[in-house]
Each structure stands twice: as C-alpha cells, then as structure tokens.
Amino acid sequence: MNSSEVNQLLRNLQNEWNEKILIPYAKDHPETISKPFYYGVSKEYCRANKRIMIVGQETNKFEVYTDNWPLDDIQPWCIDYLQFQLWKIEAIGRDKVDYNSSPFWRMFREFDSRGITPSWNNVDKIQQYNAKDEKNFPLSIEQEKYFSCRYGNDNKSLLQREIELDEPDILLFITGPNYSFTMATALGLEEKVLKSYRPTKQNFCVEITDLLNIKPKVFWTYHPAYLNRNHIIVTCVNYICEKLL
C-alpha cells in the first residue's frame with residue numbers, strides 16, 4: 001500500500017479510539033487534556049527496505065483539547081514534521097517547521113543514515129493540560145490505564161492496532177523504565193513481567209521481542225536525552241542495527 005492508503009487506515013484506527021476512549025473522557029474533562037497525537041507514516045517510510053517504528057513517551061506541548069486545531073490536520077502535521085527533521089522536506093502550504101537538533105531527533109537521523117527509515121509514534125497519545133499555567137505534564141497512572149486500554153471485539157489497544165497495521169521491521173520504545181505501566185497496558189502485558197525486562201544503566205537497551213510474540217524485533221531503551229548525556233546514542237543504534245542482520 002502507498003502512504004496515503006496506510007494513513008487513511010491509521011486515521012480510521014485513531015477515530016475509533018477517539019469515539020470509544022477519548023471523546024467520552026473529553027466531554028467531562030475538556031480543559032484538562034491536550035490534543036491527541038496522530039500516528040502517520042511518510043512515503044519514504046512506505047518505500048523503505050528496512051523500517052523502524054520509534055515509540056516515544058508522549059505528545060509534547062500540544063495545546064489544550066478545546067483548541068481550534070482540527071483533528072484531521074494533526075496526522076499530516078506529524079508526518080510533515082518528521083519529513084523535515086530527517087530530509088528537510090518542507091510541506092507546501094503549511095507553517096514553516098524549525099530544525100530540531102535534540103537528542104530525540106538525532107536518534108532518528110542515526111537510524112536513517114544506516115538505511116533504516118523511521119516513523120514516529122508515542123505510547124501516550126495525549127498529555128494532561130493545566131489551563132491556568134498553559135502547560136502540559138504526563139498522564140497519571142489512572143489516565144494511562146484508561147487511555148492505553150484494550151477495546152473492541154479484538155480487545156486490542158490503539159498502539160497494538162497501529163503496530164499490526166504498520167508491520168515495521170523494528171519496534172523501538174525510547175520511553176525509559178518509568179513508562180513501564182502505560183507500555184504494559186498498551187501491549188497487553190502485566191507490568192511486573194514487563195518491568196523485569198526494563199533497561200538499566202548496565203543494560204541500557206533490552207530486546208523484548210519474545211514477550212510480545214509479534215513479527216518485528218522489539219527493543220526498549222532510555223529516552224535519547226539520557227542516552228546522549230551518557231554518550232551512548234550511537235552505541236545503542238549500532239546494537240539494534242546489528243540485531244537486525
């Protein structure tokens with residue numbers, strides 16, 4: 001399938017999650033959460049020989065849910081942002097995007113330079129929002145339990161559905177050990193089981209493929225800011241690339 005077809009299917013998944021999970025919550029708490037992150041893929045990703053879905057912690061600094069940013073515009077923006085960060089492709093007719101030199105995007109570029117094309121996802125699709133201070137902050141455990149839950153006839157979470165549809169060669173969680181609860185919830189695992197595999201200072205990138213019983217090779221490491229502070233981003237990327245061979 002081409003990227004347009006894949007992205008429409010991904011939007012269908014997101015819209016189902018919106019109807020079943022997000023909108024019922026937002027009706028009662030519209031000023032306390034952010035706009036949702038919409039996962040999407042670039043045409044470069046769909047054409048690539050090797051693909052990696054990189055799953056971050058959460059959407060960052062999206063405005064309050066009641067903001068006038070149309071939901072249908074979020075996925076194209078997320079794709080445009082990634083395309084500019086990796087290949088400096090500017091979207092026609094959209095606001096200019098600034099180059100992001102953060103460790104987060106450095107890790108994406110490291111994979112791309114090795115012929116493994118990334119897509120950008122997040123385990124938590126929204127954040128809490130404080131309207132008084134106009135600031136975002138992470139979800140509570142109860143909110144993670146709610147928003148990362150499994151639903152529908154097939155009893156899968158939104159993240160599980162996205163992975164199944166996308167079929168990447170590598171699935172990489174750059175969430176660090178503190179996001180074990182929401183990861184376990186979204187992946188249909190008991191937290192104590194997943195937590196026993198959590199990355200540590202000594203073993204900073206852990207393969208968890210056998211836990212999930214899915215096609216991609218799955219890895220769990222720290223957020224790139226931590227890896228960068230410890231000068232091990234390249235080491236981590238090389239380790240994962242070697243496992244793919």
Modelled atom types, side-chain donor and acceptor of N122 and Y39, under 3.5 Å
no
cation_pi(K145, F181) dist<6.0 Å, angle<=45
no
Using only heavy-atom distances, determine whether the side chains of Y81 and D98 contain a donor-acceptor pair under 3.5 Å.
no
May I ask you to decide if the ring planes of Y146 and Y25 are parallel, tilted or perpendicular, using 30° and 60° as cut-offs?
tilted
Parallel under 30°, tilted from 30 to 60°, perpendicular over 60°: which one fits the rings of F108 and W105?
tilted
Between E191, K192, K195, which is the residue that forms a side-chain hydrogen bond (donor to acceptor under 3.5 Å, both in side chains) with S180?
E191
Take the angle between the ring planes of W77 and F62 and call it parallel below 30°, perpendicular above 60°, tilted in between.
perpendicular
Relative to each other, are the rings of F147 and W17 parallel, tilted or perpendicular (30° and 60° limits)?
tilted
Out of the candidates E162, E144, E58, only one should pair with K125 under the salt bridge (Lys or Arg N to Asp or Glu O under 4.0 Å) rule; please name it.
E162
Option from E16, Q14, Q8 for which side-chain hydrogen bond (donor to acceptor under 3.5 Å, both in side chains) with N12 holds
Q8
I'd like to know if R11 and D72 make a salt bridge, using a cut-off of under 4.0 Å between side-chain N and carboxylate O.
no
Within 45° cone of Y151 ring axis and under 6.0 Å: R161 NZ or CZ:
yes
Tell me, please, whether Y65 has K35 positioned over its six-membered ring: NZ or CZ under 6.0 Å from the ring centre and within 45 degrees of its axis?
yes
